[in-house]
Novice: 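Take this structure first; my questions come after.
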Amino acid sequence: MRADATATPWPLGATPMSDAPEAPLDDAALVEAAIGGDTAAFDVLVTRHRRSVYQVCYRFVNHHEDAADLTQDTFVRAWKALGSFRGQARFSTWIYRIAVNVCLNRVSLKTPKTDVVDFDLVADQRQPAPGAAIDAAERQAMVRAAVNSLPPRQRAALILRTYHELSHQEVADIVGTSVGAVKANVFHALANLKKRLEPLV
Amino acid sequence: MTPCLTPDEFVDLVDGALAADREAHLATCAACAATATDVREVLAAALSADVPEPSPLFWPGVNARVQAAVAASPATGWRAWLRLDVLVPIAGLALVVMAIASAIDAVSPAGAGASDITWTITDGARSFEVADGVVDEPAAEAAVSTADDALAMMADLASTLPEGGWDALGVTRLPDLDIAAAALTADERDALAALLQSAVERPKS
Ligand SMILES: [Zn+2]
């Protein structure tokens, strides 16, 4: 299993970290160029990070169109804020931070500030009766819906840690909390998922 | 018997990062062993759920939408009116900070809609009414419209300050600043503080 400090920043599963062609410049050089007004350099950054940003957003909202909007919003905000990016973090971590903030803002506009989630209210209508056969696609949809029903902070911690293989420290930096709080959020997220997915696991 | 595992430790466990002596507890405690099994199973279930892959046509569309939005954002944004020297007189700076705090508050979920933003920036000689994110001054249009802009502006502003930052400029309306800061959420305060700090520390270019 991975060690905390050496966690790789990208999903290790089926999804490639980038669908960009071989790019000669690293992110830092592209950011420098983009700060200078080079929109083509910024376009390369978008290409390089669009998939992972979209996936974070999708897992947050569980909806393609919303995730597409949030992805666009993330990159536009990044463009506007490039001047405040000084390379103390990797660009990938920085863009995740923006994505998570964009998602948290969106989510907090739609859900009570208290982070209380009533699982009954967000019941997945596709959930079959216990004992019924569940195919893989249905099962995955149920899991995504369950993740989507988590309180926002738990959702952020679980998504970044589990699906994007960020270290607890990186997640803590992104969501602005402590490593201990991230671990607690991940644990409670899993506990809530367990309840939500009782028929499955 | 050793103490039961904490939530942190269960997470360390599934990460393979739990100390051996703590992991040994599982052999002696049925409750923790059951929780560990649950955590592993639900994590495996979570990992099994991929994000549906969008159409290949979707990805170039992302670039196109971002490029269009970037192109549509005015070239003469807030940076333009910074260069008007309207902010040079120090008396105006505190009010600017107030305005920024208002902007941040207004776009935060708990605040009013962004279209409600109205504030006044004074530099001692002139004053601009700012409403709906637009400064009512020809060369100074399309000013701060989002918290991001405001934060980026704070960073740029701070980067132009001499040694000592705001204090060195004799910003005297600190009580007002405190009130403004109190209106921010903890996250926003932290973001603002970090941004100002890093901007003040940044070498002048
Ligand atoms: Zn125990």
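Values reported hereafter were calculated over all heavy atoms of this structure, with side chains retained and with hydrogens, waters and symmetry mates removed. Chain naming here is simple, since letters A, B, ... match the order of the sequence lines and numbering starts at 1 in each.
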Novice: Can you name the nearest heavy-atom pair linking A:T71 to B:V62, along with the distance?
Specialist: CG2-CG1, 4.0 Å
Novice: Please state whether the rings of B:W59 and A:Y54 are parallel, tilted or perpendicular, taking 30° and 60° as the class boundaries.
Specialist: perpendicular
Novice: Output the distance between atom CZ (B:F10) and atom NE2 (A:H188), rounded to the nearest 0.5 Å.
Specialist: 11.5 Å
Novice: Report the option among A:G180, A:A189, A:G37, A:A67 that has the most heavy-atom pairs separated by less than 4.5 Å from atoms of chain B.
Specialist: A:G180
Novice: Does any backbone or side-chain atom of B:T35 lie under 4.5 Å from a heavy atom of chain A? Answer side chain, backbone, both or neither.
Specialist: side chain
Novice: Find the one option among B:A46, B:S48, B:G61 whose heavy-atom pairs under 4.5 Å with chain A are most numerous.
Specialist: B:A46
Novice: So which heavy atom on B:A69 is nearest to which on A:Q72, and how close?
Specialist: CB-NE2, 3.9 Å
Novice: Starting at CD of B:Q67, measure out to OG1 of A:T39 and round the result to the nearest 0.5 Å.
Specialist: 5.0 Å
Novice: Could you state the interatomic distance from CG (B:N63) to OG1 (A:T47), rounded to the nearest 0.5 Å?
Specialist: 3.5 Å
Novice: Give me the atom names and distance for the closest heavy-atom approach of A:R59 to B:D50.
Specialist: NH2-CA, 3.8 Å
Novice: Going by the rule ring pair (Phe, Tyr, Trp, His ring centres under 6.0 Å), which residues pair with A:F75 if we only count those two or more places apart in sequence or in a different chain?
Specialist: none
Novice: Set out, in order, the CA-CA distance, both residues' side-chain angles and the distance that settles side-chain contact (heavy atoms from CB on, under 4.5 Å) for B:D15 and A:R161, then state yes or no.
Specialist: CA-CA 10 Å; B:D15 281 347; A:R161 182 65 184 132; 3.0 Å; yes
Novice: Step by step, work out the side-chain contact (heavy atoms from CB on, under 4.5 Å) result for B:V39 and A:F187.
Specialist: CA-CA 8 Å; B:V39 168; A:F187 178 82; 4.0 Å; yes
Novice: Taking only residues two or more places apart in sequence, or in another chain, which ones meet A:D173 in a salt bridge (Lys or Arg N to Asp or Glu O under 4.0 Å)?
Specialist: none
Novice: If every non-hydrogen atom of B:R65 is compared with every non-hydrogen atom of A:D69, which pair is closest and at what distance?
Specialist: NH2-OD1, 2.6 Å
Novice: Can you tell me how far NZ of A:K183 sits from OG1 of B:T6, rounded to the nearest 0.5 angstrom?
Specialist: 8.5 Å
Novice: Look only at the side chain of B:E41 and the backbone of A:K194, and say whether a donor-acceptor pair between them is shorter than 3.5 Å.
Specialist: no
Novice: Do A:H64 and B:P52 have side chains that approach each other closer than 4.5 Å (heavy atoms only, starting at C-beta)?
Specialist: no
Novice: Do you know which two heavy atoms are closest between B:A49 and A:Y163, and how far apart they sit?
Specialist: O-CE2, 4.0 Å
Novice: Which heavy atom in B:V51 sits nearest to a heavy atom in A:R144, and how many Å separate them?
Specialist: CA-CD, 4.5 Å
